[in-house]
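Structure first, then comments.
So you know, we letter chains A, B, ... as the sequences are listed, proteins then strands, and number each from 1. Just so we're clear, the structure is a prediction, and the values are computed from it rather than from any experiment.
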There are 2 protein chains.
Amino acid sequence: MTTSTKNTAAKILETLTDDILEGSYLPGEKLHIKTLKERYEVGTSPLREALSQLIAKDLVVSENQKGFYVSEISIDDLEDIYQARAKIEALCIEMAIEKGDDYWEANCLAAMYKLNKSSTSASVDLKEWQKRHSAFHSDLVAGCASPRLLQIRQSLFEKSTRYRNLWLKENVTNADTLGLNQQEHTALLNLALERDAKGAAQLVEAHILTPVEIIKKALT
Amino acid sequence: MTTSTKNTAAKILETLTDDILEGSYLPGEKLHIKTLKERYEVGTSPLREALSQLIAKDLVVSENQKGFYVSEISIDDLEDIYQARAKIEALCIEMAIEKGDDYWEANCLAAMYKLNKSSTSASVDLKEWQKRHSAFHSDLVAGCASPRLLQIRQSLFEKSTRYRNLWLKENVTNADTLGLNQQEHTALLNLALERDAKGAAQLVEAHILTPVEIIKKALT
DNA sequence: TATTTAAATAATGTCGACATTTTACAATTA
DNA sequence: TAATTGTAAAATGTCGACATTATTTAAATA
């Protein structure tokens with residue numbers, strides 16, 4: 001019996017995505033059909049449907065008759081993804097500042113307030129901070145009101161997750177880094193409310209590129 | 001026997017994609033599993049794998065236990081896709097002009113030459129013109145050297161195809177439109193070679209948005 | 001010993017059958 | 001007549017079996 005409204009393929013897609021992003025399967029690792037079937041207790045069809053969608057997400061690659069593999073990571077790919085993310089984020093912010101209304105402004109303020117609370121508290125709850133950080137940036141770009149651009153942004157964010165996790169493991173407990181980070185968020189919000197589109201775009205582009213050098217070191 | 005290196009799922013994905021983009025299946029039309037199996041002479045698994053990837057491409061939507069449908073089109077969607085395309089194209093051109101080398105310049109020149117030949121000839125071969133037009137713009141943005149951005153650009157281009165076909169049916173034979181179009185291409189190439197990144201970005205953004213109003217009319 | 005060939009083992013990809021769910025239709029009731 | 005219930009038909013989604021292809025292992029040859 002299926003209690004959920006999702007079919008098996010959709011459920012396993014979600015699980016597999018998380019497992020790959022969290023590092024349960026390493027870059028380049030082979031995904032054996034038989035093993036996956038046993039581990040997730042599903043049949044061939046829904047499993048292969050999920051893998052098909054993971055290929056579309058660039059998290060898995062496959063070759064005919066040779067099976068499925070977790071996509072490799074590399075410094076080149078890291079740089080390309082973050083560069084693309086930075087440019088798209090800048091573009092979205094720019095459009096949001098041009099189009100955003102009072103509700104957008106209010107949402108950004110509220111998101112900032114929540115993020116501040118999470119950053120300044122004595123013991124930082126990593127998961128909660130991540131959630132509020134992500135929400136702050138999402139609320140900022142939401143004003144651009146372009147479903148397609150926001151979808152592209154989301155997809156790039158997901159693609160960067162395996163690299164981002166390398167950064168989080170090193171730098172979240174670092175209070176200095178977190179403080180500097182928070183200063184940038186404040187500055188970014190101010191630029192947005194002042195409707196300085198170019199300024200905000202420039203800042204957010206740099207903001208996103210910040211972790212790249214650190215991740216590069218972690219990769220080598 | 002499989003003469004091709006592709007598996008059944010990959011082959012049928014290609015066919016189905018083309019058929020949807022060309023209008024063999026209309027927006028909102030239901031895609032019956034049984035019918036598709038008979039038409040393309042394939043089994044359930046590869047067919048469903050292909051449909052899974054079409055969902056990832058936003059060309060098909062599905063609901064659990066209710067089957068697959070061709071994605072709807074709408075004026076809102078048309079505007080969003082073309083807006084996103086225009087912004088991404090502008091971004092790519094800007095980066096290409098900042099990074100492009102001699103080979104890039106030469107490729108753009110060659111592409112322009114071929115496009116010109118195809119546009120000025122007495123009887124325009126639509127398919128050939130499309131190919132050269134597409135190649136010209138691709139060569140221009142190729143200089144940005146970002147696989148991810150180029151992939152996003154390609155995917156948006158594909159998503160716009162059903163709308164673009166509405167435009168092509170109306171305006172390709174129109175000599176005036178084609179002439180104006182060609183003037184823009186020349187101007188764009190000049191800006192690129194002069195390394196006027198902002199100017200080229202602005203022009204290409206407008207260039208892409210040109211057909212929107214015409215398509216809007218065709219949609220209503 | 002290194003290389004080639006052949007057999008065996010294992011894995012992938014495809015199919016049709018079956019269980020479950022939705023939809024269409026007819027019968028019943030208010 | 002309209003709404004509701006119950007039944008039949010059709011469609012979806014899942015599974016395990018099977019054919020095909022790749023890989024590994026062992027044997028044979030140079």
Side-chain angles (χ1 to χ4, degrees), chain A residues 1-20 23-72, chain B residues 1-20 23-72:
Chain A
M1 189 195 68
T2 48
T3 49
S4 162
T5 173
K6 286 181 179 171
N7 61 15
T8 313
K11 278 185 283 186
I12 199 179
L13 170 63
E14 207 170 315
T15 309
L16 263 174
T17 302
D18 288 346
D19 288 349
I20 290 174
S24 304
Y25 302 100
L26 296 178
E29 182 174 345
K30 173 144 199 188
L31 299 170
H32 294 267
I33 298 282
K34 197 183 169 192
T35 312
L36 296 178
K37 278 173 67 175
E38 286 163 1
R39 180 170 304 168
Y40 299 108
E41 294 175 312
V42 293
T44 312
S45 300
L47 177 60
R48 289 185 59 94
E49 285 173 33
L51 288 170
S52 294
Q53 296 196 260
L54 283 168
I55 291 173
K57 281 193 189 190
D58 288 328
L59 291 178
V60 165
V61 295
S62 79
E63 209 176 335
N64 188 23
Q65 295 287 14
K66 296 199 179 166
F68 299 86
Y69 294 81
V70 179
S71 295
E72 295 283 3
Chain B
M1 190 194 67
T2 48
T3 49
S4 163
T5 175
K6 285 181 179 169
N7 61 15
T8 314
K11 278 185 281 186
I12 198 179
L13 170 63
E14 205 170 317
T15 310
L16 263 174
T17 302
D18 287 347
D19 287 349
I20 291 174
S24 304
Y25 302 100
L26 297 176
E29 182 173 345
K30 174 144 200 188
L31 299 170
H32 295 267
I33 297 282
K34 197 183 168 193
T35 313
L36 296 177
K37 278 173 66 174
E38 287 164 359
R39 181 170 306 169
Y40 299 108
E41 294 175 309
V42 293
T44 312
S45 301
L47 176 60
R48 289 184 59 93
E49 285 173 35
L51 287 169
S52 294
Q53 297 197 257
L54 283 168
I55 291 173
K57 281 194 190 191
D58 287 328
L59 290 178
V60 164
V61 294
S62 79
E63 208 176 336
N64 188 22
Q65 295 287 21
K66 296 197 180 167
F68 298 86
Y69 295 82
V70 178
S71 294
E72 295 282 1

Polar atoms only, N or O, under 3.5 Å: list the protein pairs with nucleotides 12-14 of chain D and their distances.
from: D:dT12; atom 1: OP2; to: B:Ile33; atom 2: N; distance (Å): 3.4
from: D:dG13; atom 1: OP1; to: B:Gln65; atom 2: N; distance (Å): 2.9
from: D:dG13; atom 1: OP2; to: B:Arg48; atom 2: NH1; distance (Å): 2.7
from: D:dT14; atom 1: OP1; to: A:Thr8; atom 2: N; distance (Å): 2.5
from: D:dT14; atom 1: OP1; to: A:Thr8; atom 2: OG1; distance (Å): 2.4

**All side chain to side chain donor-acceptor pair (under 3.5 Å) counterparts of B:Asp19, not counting sequence neighbours** =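 B:Asp19: side chain to side chain donor-acceptor pair (under 3.5 Å) contacts with B:Tyr40.
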Excluding sequence neighbours, so at least two apart, what forms salt bridge (Lys or Arg N to Asp or Glu O under 4.0 Å) with [X]?
| X | answer |
| --- | --- |
| B:Asp58 | A:Arg148, B:Lys159 |
| A:Glu14 | A:Lys6 |
| A:Lys66 | none |

**Pairs where residues 23-48 of chain B contributes a residue and the test salt bridge (Lys or Arg N to Asp or Glu O under 4.0 Å) is met, not counting sequence neighbours** =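 Residue pairs passing salt bridge (Lys or Arg N to Asp or Glu O under 4.0 Å), neighbours aside: A:Glu49-B:Arg48.
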